[in-house]
Amino acid sequence: MSDAREPVTGIEVPINLKYEFTAGAALARFLSSIREGRIVGQRCPGCSSVYVPPRGSCSRCGIATEEEVEVSDRGVIESFTIVHIPLPGNPVKPPFIAANILLDGTDMACLHLVSEVPTERVVVGMRVQAVWKPREEWGYTFENIAWFKPVEGA
Amino acid sequence: MATQPEILTKSFELGYTYTRSTGPLIGRFLTGLRERRIHGVRASDGRVIVPPAEYDPQTAAALDELVPVADTGTVTTWCWVCEPLAHHLLPHPFAFALVRLDGADVPLLHLVDAGDETAMRTGMRVRARWSDDPRGSITDIACFEPV
């Protein structure tokens with residue numbers, strides 16, 4: 001049997017991993033708070049570092065964290081990347097800016113989007129503030145913050 | 001200590017849309033499957049390896065001599081799957097088996113659709129059941145079935 005089709009040079013081999021994720025105690029408290037529009041992290045009893053989102057322990061000291069700390073929705077860009085390649089299933093269209101943002105009062109950056117600024121104007125050290133979605137859209141997700149934008153007048 | 005946290009769970013799916021380039025050797029193997037032909041590769045010690053290895057297991061030299069093998073063979077070992085999962089290629093119980101194709105020296109991992117576990121035995125003869133719509137994939141062999 002002959003076949004006029006082109007020789008095979010590639011194959012599609014998608015891998016789909018199905019997870020049932022349960023947030024631990026620390027993350028569940030964080031998500032319950034952000035549902036109310038508050039950002040709540042945890043402070044390490046050893047080194048006093050504040051983590052957002054909290055993981056329930058301090059990776060530096062290796063001890064459990066319990067004390068809850070509400071922090072600001074403003075911070076500073078610690079690093080960023082401008083993404084030009086679309087990700088399958090990602091509703092955010094490139095180019096977009098993904099940034100590590102160190103919220104005021106915290107000691108470890110969290111990853112979020114930066115928008116409302118031309119990409120060429122973004123710099124490390126830029127002050128940013130959260131842009132919250134309308135309250136009726138809030139859920140148990142960090143995406144209640146649509147993105148961060150430069151602090152006006154900063 | 002704060003009050004008990006809510007128990008929050010959520011299902012999510014992480015998908016990687018891999019497209020793999022198959023290279024000169026595996027590409028020819030898959031093109032052969034699309035024509036319902038199975039090929040192995042001849043290694044430096046004369047053995048025929050199916051599916052073809054791109055590099056020699058002993059010398060690491062690139063291999064390129066494809067050798068046709070039969071679509072019949074012998075089960076060398078097997079494991080019965082009583083309750084297939086959603087991603088398995090047969091919806092009913094089947095065996096995963098190593099099948100040494102006639103003309104090959106190394107067995108191939110595939111499915112055997114034997115109907116019932118009692119029909120399975122090491123040394124049994126099987127034949128490939130080909131897909132109705134071969135498209136250049138190992139699943140062009142839908143499964144093997146007892147001869």
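Keep in mind it's a predicted model, so treat the numbers as computed, not measured. Letters A, B, ... are given to chains in the order of the sequence lines, protein chains preceding strands, and every chain is numbered from 1.
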Enquirer: B:T19 versus chain A, heavy atoms under 4.5 Å apart: side chain, backbone, both or neither?
Expert: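 When you check distances to chain A, atoms from both the backbone and side chain of B:T19 fall under 4.5 Å.
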Enquirer: With hydrophobic residues grouped by side-chain heavy-atom distances under 4.5 Å, do B:F144 and B:I138 end up in a single group?
Expert: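 Yes, B:F144 connects to B:I138 through the hydrophobic network.
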Enquirer: To the nearest 0.5 angstrom, please state how far the CG atom of A:N16 sits from the NE2 atom of B:H87.
Expert: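 These two atoms lie 11.5 Å from each other.
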Enquirer: How about A:E143: does its CD atom have over 12 heavy atoms from other parts shown lying under 6.0 Å from it?
Expert: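 12 or below, so no.
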Enquirer: Atom CD1 of residue position B:I7 - does it have more than 12 heavy atoms of other residues, nucleotides or ligands inside 6.0 Å?
Expert: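 At most 12 heavy atoms, drawn from other residues, nucleotides or ligands, come within 6.0 Å of this atom.
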Enquirer: Is a donor on one side and an acceptor on the other found under 3.5 Å between the side chain of B:S11 and the backbone of A:Y19?
Expert: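 Judged by distance alone, no pair lies under 3.5 Å.
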Enquirer: Roughly how far, to the nearest 0.5 Å, is CZ of A:R35 from CG of B:L8?
Expert: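 Between B:L8 CG and A:R35 CZ, I get 9.5 Å after rounding to 0.5 Å.
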Enquirer: Look up atom OG1 in B:T17 and atom CD in A:E12, then write down how far apart they are to the nearest 0.5 Å.
Expert: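 Answer rounded to 0.5 Å: 8.0 Å.
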Enquirer: Does the side chain of B:Y16 reach to within under 4.5 Å of the side chain of A:L17, using non-hydrogen atoms?
Expert: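 Yes. Closest side-chain heavy atoms under 4.5 Å.
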Enquirer: Donor-acceptor pair, B:T22 side chain versus A:T9 backbone, under 3.5 Å?
Expert: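 Pair found, side chain donor or acceptor close to backbone of A:T9.
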Enquirer: Rounded to the nearest 0.5 Å, how far does CD of A:E20 lie from CZ of B:F12?
Expert: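 With rounding to 0.5 Å, CZ (B:F12) is 9.5 Å from CD (A:E20).
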Enquirer: Restricting to non-hydrogen atoms, name the atom on B:E6 and the atom on A:S32 that form the minimum distance, rounded to 0.1 Å.
Expert: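 Looking at all heavy atoms of both residues, the shortest contact is OE2-OG, 2.6 Å.
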Enquirer: Name the region of A:Y140, side chain, backbone, both or neither, that has any atom closer than 4.5 Å to a heavy atom of chain B.
Expert: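 Side chain of A:Y140 only, per the 4.5 Å heavy-atom cut-off to chain B.
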Enquirer: In this structure, would A:M108 and A:I77 fall into the same cluster of hydrophobic residues linked by side-chain contacts under 4.5 Å?
Expert: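 No, because A:M108 and A:I77 fall into different hydrophobic clusters, even though each may have its own neighbours under 4.5 Å.
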Enquirer: Starting from A:I145, can I reach A:V52 by hopping between I/L/V/M/F/W/Y residues whose side chains sit under 4.5 Å apart?
Expert: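 Yes: a chain of side-chain contacts under 4.5 Å links A:V52 to A:I145.
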Enquirer: Near A:I85 CD1, under 6.0 Å, is it more than 12 heavy atoms from other residues, nucleotides or ligands?
Expert: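 12 or below, so no.
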Enquirer: Hydrophobic clustering (ILVMFWY, side-chain heavy atoms < 4.5 Å, transitive) - are A:W147 and A:V117 grouped together?
Expert: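 Unlinked, A:V117 and A:W147 end up in two clusters.
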Enquirer: A:E6 and B:R34: which non-hydrogen atoms are nearest, and at how many Å?
Expert: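 It is O-NH2, 2.8 Å.
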Enquirer: Nearest 0.5 Å, please: how far is CD1 in A:I11 from CZ in B:R20?
Expert: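 The CZ atom of B:R20 sits 5.5 Å away from the CD1 atom of A:I11.
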Enquirer: Under 4.5 Å between side-chain heavy atoms, counting indirect links through other Ile/Leu/Val/Met/Phe/Trp/Tyr residues: same cluster for B:L111 and B:V99 or not?
Expert: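 No; tracing contacts between hydrophobic side chains, which count when under 4.5 Å, never links both residues.
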